[in-house]
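Heads up: the structure comes next, in structure tokens.
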Amino acid sequence: MHSFNARLHFVTMPLLSGMSVRAFLVGGLGTAVADPGAALKVLRSAPSGDAPPTVTIAVTFDRPVAGSLDRTVDPRPILTIDPTVSGRAEWRDPVTLRFRPSSPLAPNTTYRVSVSDRFEAMDGSRLAEPYTFSFRVRGPRILAGVPVGPGRQARFLAPAPVFELVLDAAADPAALSRAVYLDLAKTCTAPGVVRLRAESQRHVAEQDRWEFRDAGGWDRDRAADSLRRVVRLKPERELPRGCDGHLVAPASLDDRGRDSLQRWAFSTYGQFRMAAAACGWSREHCPTGPLRVTFTTPVR
């Protein structure tokens with residue numbers, strides 16, 4: 001058996017001043033240096049404004065509060081949320097407290113968060129008074145749609161089409177039916193609004209088309225993927241042939257979302273006829289190349 005000696009090496013460094021030590025320690029936490037004689041302050045809080053139902057609540061202080069295992073402050077009594085929300089409070093780092101709700105927050109609801117002043121930071125400082133902020137949870141948003149939806153238009157729809165929309169959270173079918181509709185152009189034989197009826201709602205499945213599986217974008221919060229829903233809607237009456245229109249939906253399914261409408265164009269097929277014909281490549285290849293023909297009605 002071989003033996004060896006372990007030798008400890010100590011690295012010496014110049015003695016730092018008190019302010020330098022504070023700058024070194026607090027700078028490593030990514031926050032500003034706090035005056036040890038001043039009151040504890042909240043540097044930032046989140047969220048603000050309109051937030052998704054899956055939001056995480058966070059508060060960042062100007063100095064360490066939970067600096068070590070033996071100096072950890074119980075995070076549970078620090079935050080009070082109204083209306084009451086069940087979830088888990090934890091320290092993300094010595095200066096940041098976050099609260100993760102156990103379920104999606106109620107849409108179209110304003111939440112008020114209060115930070116208690118009855119706890120001490122590591123240097124013994126406290127908040128001068130309770131800190132409060134508020135945010136509002138928006139309703140579900142449409143992420144994708146087939147045959148019509150964000151970034152997608154449709155031509156040659158049948159008189160009784162089926163529309164499928166991917167939402168970032170579950171929606172009330174009755175509210176969805178009231179909010180989303182078809183707007184047919186004045187040139188149609190029966191112009192105006194056609195109501196849609198939500199027939200079903202389901203989770204996004206592995207066998208769904210890629211537009212549904214990737215709805216929300218590659219950089220989305222994938223932890224919220226299980227909340228997405230595919231809603232199936234049908235018009236309450238048949239659509240006229242040879243008609244242009246738009247699928248109209250609010251920016252979000254809540255009171256504020258109705259102030260901003262989204263419109264996605266579509267058209268239905270008309271009488272059967274050839275709409276256009278063109279060479280597959282160029283005119284010089286027409287005798288031998290493919291001929292591309294477009295009809296006004298789908299051809300099986």
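No experiment lies behind these values; they were computed from the predicted model shown. Numbers for residues simply follow the sequence, beginning at 1.
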Please name all residues satisfying side chain to side chain contact (heavy atoms under 4.5 Å, CB included) with [X], sequence neighbours left out, ordered by chain then number.
X: Arg136; result: Asp50, Asn108, Thr110, Arg138, Asp254, Arg256
X: Thr109; result: Pro83, Ala106, Tyr111
X: Gln201; result: Ala170, Ala171, Pro173, Arg229, Val231

message = Is it the case that atom CZ in Arg220 sees more than 12 heavy atoms from other parts of the structure closer than 6.0 Å?
response = yes
inquiry  = Counting only heavy atoms from other residues, nucleotides and ligands, does the tally under 6.0 Å from CZ of Arg222 exceed 12?
reply    = yes
Side chains of [X] and [Y]: closer than 4.5 Å at any heavy-atom pair?
X: Val113; Y: Thr132; answer: no
X: Val73; Y: Leu97; answer: no
X: Arg237; Y: Arg195; answer: no
X: Ser114; Y: Tyr131; answer: no
X: Arg263; Y: Asp183; answer: yes
X: Leu105; Y: Phe135; answer: yes
X: Phe133; Y: Val59; answer: yes

Tell me whether [X] shares a hydrophobic cluster with [Y], the cluster being built from Ile, Leu, Val, Met, Phe, Trp, Tyr side chains joined at under 4.5 Å.
X: Val85; Y: Val137; value: yes
X: Val194; Y: Val248; value: no
X: Leu196; Y: Val166; value: no
X: Trp91; Y: Val115; value: yes
X: Leu143; Y: Leu176; value: no

Examine distances only and state if a side-chain atom of [X] and a backbone atom of [Y] form a donor-acceptor pair shorter than 3.5 Å.
X: Asp214; Y: Gly217; answer: no
X: Thr268; Y: Cys243; answer: yes
X: Ser102; Y: Ser86; answer: yes

Shortest non-hydrogen contact from [X] toward [Y]:
X: Ala66; Y: Met122; answer: C-SD, 4.5 Å
X: Pro140; Y: Ala169; answer: CB-O, 3.6 Å
X: Gly257; Y: Pro250; answer: O-CB, 3.4 Å

task = Please assess Arg152 against Val146 for the test side-chain contact (heavy atoms from CB on, under 4.5 Å), listing each intermediate value before the final yes or no.
result = CA-CA 8 Å; Arg152 188 184 184 99; Val146 170; 4.1 Å; yes
If the condition is side chain to side chain donor-acceptor pair (under 3.5 Å), which residues does [X] pass it with, not counting sequence neighbours?
X: Arg197; value: Glu199
X: Glu164; value: none
X: Arg228; value: none

query = After noting the C-alpha distance and the side-chain angles of Phe266 and Asp244, does the key distance pass the side-chain contact (heavy atoms from CB on, under 4.5 Å) rule?
reply = CA-CA 6 Å; Phe266 69 87; Asp244 294 329; over 6 Å; no
query = Does the distance from a Lys or Arg side-chain N to an Asp or Glu carboxylate O, for Asp208 and Arg202, drop under 4.0 Å?
reply = yes
message = Check this for me, if you would: do Arg100 and Glu90 make a salt bridge, where the nitrogen-to-carboxylate-oxygen distance has to be below 4.0 angstrom?
response = yes
message = Using the rule given for side-chain contact (heavy atoms from CB on, under 4.5 Å), can you reason through Ile81 versus Ile57, listing the C-alpha separation, both sets of side-chain angles and the distance that settles it, and then say yes or no?
response = CA-CA 10 Å; Ile81 306 172; Ile57 300 168; 3.5 Å; yes
request  = Go through Leu167 and Leu253 one step at a time and tell me if the side-chain contact (heavy atoms from CB on, under 4.5 Å) criterion holds.
outcome  = CA-CA 10 Å; Leu167 309 180; Leu253 299 176; 4.3 Å; yes
